[in-house]
Amino acid sequence: MSDTLATIQGRTSANNFDPTHHMSEAQIQELVELTLNTPTSFNMQNWRLIAVSSAQQKANLRKLAFNQAKVSEAAVTFIVVGDSMGYQQLPTLIKPMLDAGALDQAAYDGWIGMCNGMYNGNAQLQRDEAIRSGSLAAMTLMYAAQAKGYVSGAMIGFDGAAVAKEFGLNEHEVPVMLIAVGNAAPGNWPRKVRRSLAQAVKTV
Ligand SMILES: Cc1cc2nc3c(=O)[nH]c(=O)nc-3n(C[C@H](O)[C@H](O)[C@H](O)COP(=O)(O)O)c2cc1C
């Protein structure tokens, strides 16, 4: 089995984390670097992570996450943030490709034009894209963590408005989910049941 398949099949949500385990800033940055490979619509990359790793900030976040212990017991809990206006950064983001000659001016202008045409004035799609990109980044982060030997736990159990206020999100940003990452403590559940293949797919 390839490492990738083992990572996909081995990941489960951890509830119990070793509270004595700490991750260095370099170890946290390595996970974020891997997460940067996440694909996004038009490559707009409209997500960011807040790595909550100090005891004080983890305690603050835990209070806003229905006191879920893993928020503070994991070495780091990431707040995955999606940006509903992130598409407006596209010209700056892809300019290095223009400068390097990987894109000509017409392709650059066309790429931006198509993106603006799709998202300008469409608040529903802008928010959808914040959640979609944040969710894809979250998945990359969980697989990166798994591949590096950590365990992870995604959470939607938190007060979104309170987290946005406490951690300084702007009005266009959405707290998509929390991802606790660290070393496992004993007692985590084994892999949970999944639907049958027939329930999950219809080939047409
Ligand atoms: C978006 C999302 C939100 C979740 N929120 C929570 C949560 O707040 N608390 C929790 O204990 N587990 C949470 N989970 C974990 C799920 O219960 C878990 O992924 C699911 O039962 C499947 O188990 P597995 O991840 O071990 O395969 C969440 C998972 C996802 C993907």
Side-chain angles (χ1 to χ4, degrees), residues 1-19 21 31-32 34-35 37-41 45-53 57-84 86 124 126-167 169 173-201:
M1 194 193 306
S2 79
D3 287 349
T4 304
L5 298 183
T7 298
I8 292 170
Q9 294 183 326
R11 185 215 57 82
T12 54
S13 288
N15 202 38
N16 301 335
F17 287 81
D18 174 0
H21 169 231
L31 292 180
V32 180
L34 289 162
T35 305
N37 291 298
T38 300
T40 50
S41 174
Q45 303 170 65
N46 55 328
W47 58 270
R48 68 184 175 100
L49 302 174
I50 302 173
V52 183
S53 68
Q57 293 292 357
K58 285 195 291 188
N60 288 343
L61 182 58
R62 176 171 166 170
K63 278 190 230 140
L64 306 178
F66 308 121
N67 200 31
Q68 294 192 69
K70 53 183 166 277
V71 171
S72 60
E73 290 182 349
V76 56
T77 296
F78 292 93
I79 305 171
V80 182
V81 178
D83 185 354
S84 60
Q124 175 72 55
Q126 290 164 4
R127 187 180 159 87
D128 287 351
E129 217 49 67
I131 304 286
R132 195 160 20 233
S133 295
S135 298
L136 284 166
M139 193 73 254
T140 307
L141 175 61
M142 286 191 274
Y143 283 141
Q146 182 74 20
K148 294 300 294 182
Y150 307 115
V151 292
S152 65
M155 284 165 272
I156 194 58
F158 60 91
D159 179 336
V163 167
K165 186 162 183 256
E166 176 75 18
F167 290 89
L169 274 58
E173 290 184 315
V174 185
V176 175
M177 69 182 90
L178 309 180
I179 308 282
V181 173
N183 282 350
N188 282 304
W189 284 29
R191 188 178 159 70
K192 298 192 196 89
V193 67
R194 288 297 196 262
R195 294 173 299 162
S196 70
L197 264 180
Q199 288 171 304
V201 67

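Just so it is clear, the model here is predicted, and its values are computed rather than measured. Whatever order the structure lists ligands and atoms in, that order sets their numbers, starting from 1.
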Checklist entry - Taking atom CD1 of Ile156 as the centre, does the number of heavy atoms from other residues, nucleotides or ligands within less than 6.0 Å exceed 12? => result yes

Could you list each N/O atom of ligand 1 together with any protein N/O atom closer than 3.5 Å, one pair per line with the distance?
residue  : atom   : partner : partner atom : Å
ligand 1 : 5 (N)  : Ala154  : O            : 3.4
ligand 1 : 5 (N)  : Ile156  : N            : 2.9
ligand 1 : 8 (O)  : Gln68   : NE2          : 3.3
ligand 1 : 8 (O)  : Ile156  : N            : 3.3
ligand 1 : 8 (O)  : Gly157  : N            : 2.9
ligand 1 : 9 (N)  : Gln68   : OE1          : 2.9
ligand 1 : 11 (O) : Lys70   : NZ           : 2.8
ligand 1 : 14 (N) : Ala154  : O            : 3.1
ligand 1 : 19 (O) : Ser13   : OG           : 3.1
ligand 1 : 21 (O) : Lys192  : NZ           : 3.2
ligand 1 : 23 (O) : Lys192  : NZ           : 2.9
ligand 1 : 25 (O) : Arg11   : NH1          : 3.0
ligand 1 : 25 (O) : Arg11   : NH2          : 3.3
ligand 1 : 25 (O) : Ser13   : N            : 3.3
ligand 1 : 25 (O) : Ser13   : OG           : 2.6
ligand 1 : 26 (O) : Ser13   : N            : 2.7
ligand 1 : 26 (O) : Lys192  : NZ           : 3.3
ligand 1 : 27 (O) : Arg11   : NH2          : 3.1
ligand 1 : 27 (O) : Arg194  : NH1          : 3.3
ligand 1 : 27 (O) : Arg194  : NH2          : 2.6

How many angstroms lie between [atom1] in [X] and [atom2] in [Y], if you round to the nearest 0.5 Å?
{"X": "Thr140", "Y": "Leu31", "atom1": "OG1", "atom2": "CG", "value": "11.5 Å"}
{"X": "Glu173", "Y": "Arg48", "atom1": "CD", "atom2": "CZ", "value": "4.0 Å"}
{"X": "Ser72", "Y": "Asn60", "atom1": "OG", "atom2": "CG", "value": "11.0 Å"}

Next on the checklist: Quick one: does any side-chain atom of Asn16 pair with a main-chain N or O of Pro186 as donor and acceptor, under 3.5 Å?
Outcome noted: yes

Checklist entry - Only one of Gln68, Glu73, Lys70 forms a side-chain hydrogen bond (donor to acceptor under 3.5 Å, both in side chains) with Asn15, so which one is it? => result Lys70

